[in-house]
Amino acid sequence: MRKRQSGSNKSVSPGNNQEVTRVRTPRKDKNEVLATVASLLGSKRVTLQCMDGVVRMGRIPGSKKKKMWVREGDVVIVNPWEIQDSKADVIWKYTKPQVDWLERKGYLN
C-alpha cells in the first residue's frame, strides 16, 4: 500500500489563483458593447441586457459555440447588427477575475 503524503487531503483547485494580466475591452470603433446574458433561448440564441440600455436578442456564432459556454449572468461583448439594432452577435465572454477587474475600473454599472 502507498503511504499518504502529509497535507495531501487539501483541496487545491487550479482556478483559484487566477491573476488578470490583460482584459479585452469593447472597441467603440468596431461598434462593440458590453452586455449581460439575461436568459438562454436555445439554438445558440440568448437575451442580452446591453450597457447602452437596449435589450437585444443575441446569437452565438458557430465558430464560438463549443469554445464559449455561455450561462445566465455572464458578461459578454456583443456586436450589434447594422440592419437591426435589436439583434447582436456575441463575440467575447469574460471570466470571473476579468469581470471583477471591469467592475473596479468602472466599465460595468
Side-chain angles (χ1 to χ4, degrees):
M1 274 202 292
R2 290 178 30 178
K3 289 185 178 181
R4 179 192 264 185
Q5 293 179 353
S6 64
S8 65
N9 58 354
K10 294 179 184 175
S11 64
V12 177
S13 61
N16 273 351
N17 297 329
Q18 292 181 355
E19 201 171 309
V20 178
T21 55
R22 188 168 177 97
V23 177
R24 187 185 190 287
T25 56
R27 298 184 57 170
K28 299 294 180 189
D29 59 338
K30 291 189 177 180
N31 198 23
E32 296 176 350
V33 180
L34 279 174
T36 304
V37 177
S39 65
L40 302 174
L41 302 174
S43 182
K44 303 188 294 182
R45 306 228 187 277
V46 292
T47 303
L48 301 166
Q49 178 63 48
C50 297
M51 294 298 157
D52 58 359
V54 180
V55 177
R56 293 184 170 95
M57 194 220 28
R59 182 178 65 101
I60 303 171
S63 62
K64 293 181 175 48
K65 183 182 175 198
K66 294 291 182 185
K67 297 176 187 174
M68 180 170 50
W69 290 78
V70 178
R71 288 181 264 162
E72 288 184 15
D74 284 346
V75 177
V76 293
I77 295 178
V78 298
N79 190 4
W81 292 4
E82 293 178 7
I83 300 168
Q84 286 180 301
D85 194 47
S86 64
K87 296 185 179 181
D89 288 329
V90 177
I91 57 173
W92 188 264
K93 177 187 155 190
Y94 288 107
T95 60
K96 179 65 176 150
Q98 290 173 339
V99 171
D100 295 339
W101 184 88
L102 288 170
E103 287 175 351
R104 280 197 316 266
K105 297 298 181 181
Y107 285 98
L108 298 176
N109 296 335

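Side-chain contact check for Ile91 versus Val78: every heavy-atom pair is 4.5 Å or farther apart. Two residues are said to be in side-chain contact when any heavy atoms from C-beta on lie closer than 4.5 Å; Asp74 and Thr36 fail this criterion.
Within a 6.0 Å radius of CH2 in Trp92, no more than 12 heavy atoms belonging to other residues, nucleotides or ligands are found.
Taking every heavy atom of both residues into account, Tyr94 and Pro26 meet most closely at OH-CD, 3.9 Å. Heavy atoms only, all atoms of each residue included: Thr25 and Ile77 are closest at C-CD1, 4.2 Å. Across Gln49 and Val55, no two heavy atoms sit closer than the pair OE1-CG2, 3.1 Å. Taking both residues in full, the closest heavy atoms of Pro80 and Ala88 are given as CA-CB, 3.8 Å, listed atom of the first, atom of the second, then distance.
Using a cutoff of 4.0 Å between basic side-chain nitrogens and carboxylate oxygens, Lys87 and Glu82 are not scored as salt-bridged. Using a cut-off of 4.0 Å between Lys/Arg side-chain N and Asp/Glu carboxylate O, Lys96 and Asp100 are scored as salt-bridged.
Partner Arg56 forms a side-chain contact (heavy atoms from CB on, under 4.5 Å) with one of Asp85, Val46, Asp89 and no other, that one being Asp85. Tested against Met57, the residues Thr47, Leu48, Leu41 include a single side-chain contact (heavy atoms from CB on, under 4.5 Å) partner, Leu41.
How far CG of Leu40 is from CZ of Arg71: 10.0 Å, rounded to the nearest 0.5 Å. A distance of 11.5 Å separates CZ of Arg24 from CG of Leu102, quoted to the nearest 0.5 Å.
Ile60 and Val33 fall within a single hydrophobic cluster, where Ile, Leu, Val, Met, Phe, Trp and Tyr are joined by side-chain heavy atoms under 4.5 Å apart, directly or via other members. Residue Trp81 is not grouped with residue Val37 when hydrophobic side chains (ILVMFWY) are merged at heavy-atom distances under 4.5 angstrom, including chains of intermediate members.
Side-chain atoms of Tyr107 never come within 3.5 Å of backbone atoms of Val99 as a donor-acceptor pair (strictly under, hydrogens ignored).
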